[in-house]
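A note on names: the letters A, B, ... follow the listed sequences, proteins ahead of strands, and every chain is numbered from 1. Bear in mind that the values here come from a model prediction, so they are computed numbers and not experimental data. No hydrogens, no waters, no symmetry mates; every other heavy atom, side chains included, goes into these values.
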Amino acid sequence: MPTPLPLVPQLRGASAPTLKIQLPSRAGLGLKPEHFQEILSTLPDLGFFEIHAENYMVDGGPFHYYLTRIREHYPLSIHGVGLSIGGEAPLDLAHINRLDKLLDRYAPASFSEHLAWSSHGHVFANDLLPISYDQPTLQRVCEHIDQVQTHLKRQMLLENPATYVEFATSTMAETDFISEVIRRTGCGLLLDVNNIYVSCINHHRDPYAYLRALPHAAVGEIHLAGFAEDIDAAGDPLLIDSHGSPVAQAVWQLYQYALDCVGSVATLIERDNNIPPFDVLLAEIQQAEHLLRTSDSAVPIAQETAA
Amino acid sequence: MNAQFFEALLDPGLLPPAGLTTWNSSDPAARFAVYRNNVIVSLIDALADTYPVTQALVGEEFFRAMARLFVRQEPPRSRVLAFYGESFPAFIETFPPAASVPYLADIARLEMLRVQAYHAADAIELPADVIAQSIARIDELPELRIKFQPSVGILCSPYAVVSLWAAHQGITDISTVDPDVPENALILRPQLDIEVIRLTNGASSFIALLLQGKSLGAAHEAASLAADFDLTDILGLLIQTQAISSMKIH
């Protein structure tokens, strides 16, 4: 039986007005309405559930009914998909207020969002779009994260993206960009291992070197998911972050390496499409839990830090 | 940068934005197409989730082609997608290829009302004795203003929307449904489950008038013009389904 995580706030340093609460170092699962009743009737032994914030920005009904009851038994991670932190436009204040209300209501152990943008003007694209890694974008992303953390009075985790194109205007590596955002804002890192693998294949990089280049101490959660395979115009592999299949073997291997680097950290199995029976997802949870337990006793690989 | 990227994302007739690069110098258009596809497919999927019976009536291929045109014409204006496609029924109504299924738009209206009822604020139950007391004051009855639970919605259609919808839930046999029989629907969610109830013409105009804020007396007078109106029946139904949230004289 999982026990609810005690909500013990640890105040950060003077610069960030943030509440830092952590998810347990266990495997968790994305919460899907298909599984509401089964979860409540069986109370499966897993570490936490994660929801997409926007799905619960409704007034009432079964979503809130079931989430309230599930929250009584499990720690919760709230994961935003619509804030458009990387966008050129100012953040949507009404949306930050909706997030604030949701976080107040469910007291999650973690709140995270993406290094991406998703809206322009009044139109919302419902996708995580890529950004150029340059100084003006860095400045803007940091301002947006400051605004979110100040408004929500808590630290947020920022997820590394899965991307399919890059920009001629980029002047720094994605890992340098993310490291600098974390250094300047005090936000944490949601290390999406599938995204690392997908992006590194798509841009012909070494996923292990990418992983080494990120600030390991900032990792507050790990995501694992499945990808789809395609090819680009030159016939080279193009992986798509589809969340529609089991976690690939290459991603499990990279995950093992991530655990070697960062130690045992809360790990989410994400499945948003082709959702299988609950048992199938529990098997992936158990695989992650096994690796987490093994890494628990190991000493993380020391990370060189820049002077 | 955002503007050019975004325009090209939603308009397949435009070239991908300038300034995209790929490690192997391959044409970025193929990679940009992944974003285009993610946006369109995820939004079509959202419509398919909201409108399953609409899809069943015309088939998946037709539905997705129609939804694709709608998504391009009316992409979401909200970061919350629960109610995306509220204007899809109106789009269907003026979509010439769907004209051969004249009841399609009203079926879609019924499905959107169900989604709205599903996510509406929870009902605050009005105790039975409060209702009994309100109704007992006969002389004040015409001045009563009835308010409904947030999930309550009605639909008046020249087609058999309730029967057609029910046939697709396996509740009735589709072969027994005459689509050209006008039907009215009351949609609400007393607890966790949504109910779809067929109403008489009198009952639906009565509820419609109350929803507009008319007094019980005024609604009664207007609805009584319908031959099938029965005040006792409709009040009984509204009480039984816990549709009423308040009854006050003001």
Side-chain angles (χ1 to χ4, degrees), chain A residues 53-66 80-84 86-89 92 94-95 98 117-132 137 163-170 202-205 228 230-236 238 240-242 272-273, chain B residues 1-7 9-10 16-43 45-46 49 71 74-84 115-124 149-151 189 191-194:
Chain A
E54 286 71 12
N55 291 345
Y56 290 81
M57 291 177 178
V58 291
D59 291 338
F63 277 38
H64 287 296
Y65 175 89
Y66 285 107
V81 297
L83 197 50
S84 204
E88 285 169 6
D92 178 347
H95 197 69
R98 285 192 286 268
W117 60 291
S118 54
S119 59
H120 185 71
H122 296 295
V123 176
F124 175 62
N126 195 36
D127 194 24
L128 299 165
L129 305 170
I131 61 173
S132 167
T137 310
T163 61
Y164 312 108
V165 295
E166 296 184 291
F167 295 94
T169 47
S170 285
N202 289 348
H203 307 307
H204 207 54
R205 297 203 184 92
D230 201 350
I231 52 167
D232 72 4
D236 284 313
L238 182 63
I240 298 165
D241 179 35
S242 62
D272 297 313
N273 295 299
Chain B
M1 182 66 221
N2 277 187
Q4 209 194 359
F5 194 105
F6 211 77
E7 276 171 34
L9 196 62
L10 296 170
L20 300 183
T21 62
T22 58
W23 68 272
N24 55 6
S25 303
S26 64
D27 183 356
R31 288 159 171 262
F32 187 71
V34 176
Y35 293 106
R36 277 181 169 153
N37 189 60
N38 283 349
V39 171
I40 286 288
V41 170
S42 73
L43 294 173
D45 287 347
D49 282 348
V71 167
E74 297 186 42
R77 302 259 154 181
S78 165
R79 298 167 203 280
V80 179
L81 285 185
F83 309 114
Y84 175 56
V115 168
Q116 287 167 341
Y118 187 82
H119 292 302
D122 295 335
I124 301 156
Q149 303 292 357
S151 69
R189 199 192 83 241
Q191 303 290 333
L192 289 178
D193 296 324
I194 307 161

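- Only the backbone of A/L128 comes within contact range of chain B, with heavy atoms under 4.5 Å apart.
- Checked against side chain to side chain donor-acceptor pair (under 3.5 Å), A/H95 has the following partners two or more places apart in sequence or in another chain: A/E54, A/R98.
- Between A/H64 and A/Y56, the ring planes are perpendicular. Angles over 60° get that label, and only those under 30° would be called parallel.
- Here the side chains of B/P17 and B/F32 are in contact, with some heavy-atom distance below 4.5 Å.
- Annotation: side chain of A/Y164 is in contact with side chain of A/D241 (closest heavy-atom distance under 4.5 Å).
- Contact annotation for B/L192: both backbone and side-chain heavy atoms come within less than 4.5 Å of a heavy atom of chain A.
- Neither the backbone nor the side chain of B/S25 comes within less than 4.5 Å of any heavy atom of chain A.
- Atom-to-atom distance recorded for B/H119:NE2 and A/D59:CG is 10.5 Å, nearest 0.5 angstrom.
- With a 4.5 angstrom heavy-atom cutoff, B/A120 touches chain A only via backbone atoms.
- In this structure, A/H120 and B/F6 have tilted ring planes: the angle between them lies in the 30° to 60° band.
- For B/R189, the part lying near chain A is the side chain, with the backbone staying farther off; criterion is any non-hydrogen pair under 4.5 Å.
- Considering only residues two or more places apart in sequence or on other chains, B/T21 meets the side chain to side chain donor-acceptor pair (under 3.5 Å) condition with none of them.
- For the set A/A125, A/G82, A/S170, the entry with the most heavy-atom pairs within less than 4.5 Å of chain B is A/A125.
- Contacts of A/L83 with chain B are made by backbone atoms alone, with heavy-atom separations under 4.5 Å and no side-chain atom involved.
- Annotation: side chain of A/P62 is in contact with side chain of B/Y118 (closest heavy-atom distance under 4.5 Å).
- Neither the backbone nor the side chain of A/D230 comes within less than 4.5 Å of any heavy atom in chain B.
- Between chain A and the residues B/A30, B/S151, B/P76, the most heavy-atom pairs under 4.5 angstrom are made by B/P76.
- Looking only at side-chain heavy atoms (C-beta outward), A/F124 and B/Y84 stay at 4.5 Å or farther from each other.
- Interface remark: A/S242 contributes no atoms to any contact with chain B (heavy atom separation under 4.5 Å).
- In this structure, A/N126 CG and A/S118 OG are separated by 8.0 Å, a value rounded to the nearest 0.5 Å.
- Of the residues considered (A/V58, A/T163, A/L238), A/V58 shows the highest number of contacts with chain B, using heavy-atom pairs under 4.5 Å.
- Heavy atoms of B/S42 lying under 4.5 Å from chain A belong to its backbone as well as its side chain.
- For the set B/R79, B/E7, B/Q191, the entry with the most heavy-atom pairs within less than 4.5 Å of chain A is B/R79.
- In this structure, chain A has a heavy atom under 4.5 Å from the side chain of B/L10, while its backbone stays farther away.
- Listed options B/A117, B/S78, B/P75 were ranked by heavy-atom pairs under 4.5 angstrom with chain A; first place goes to B/S78.
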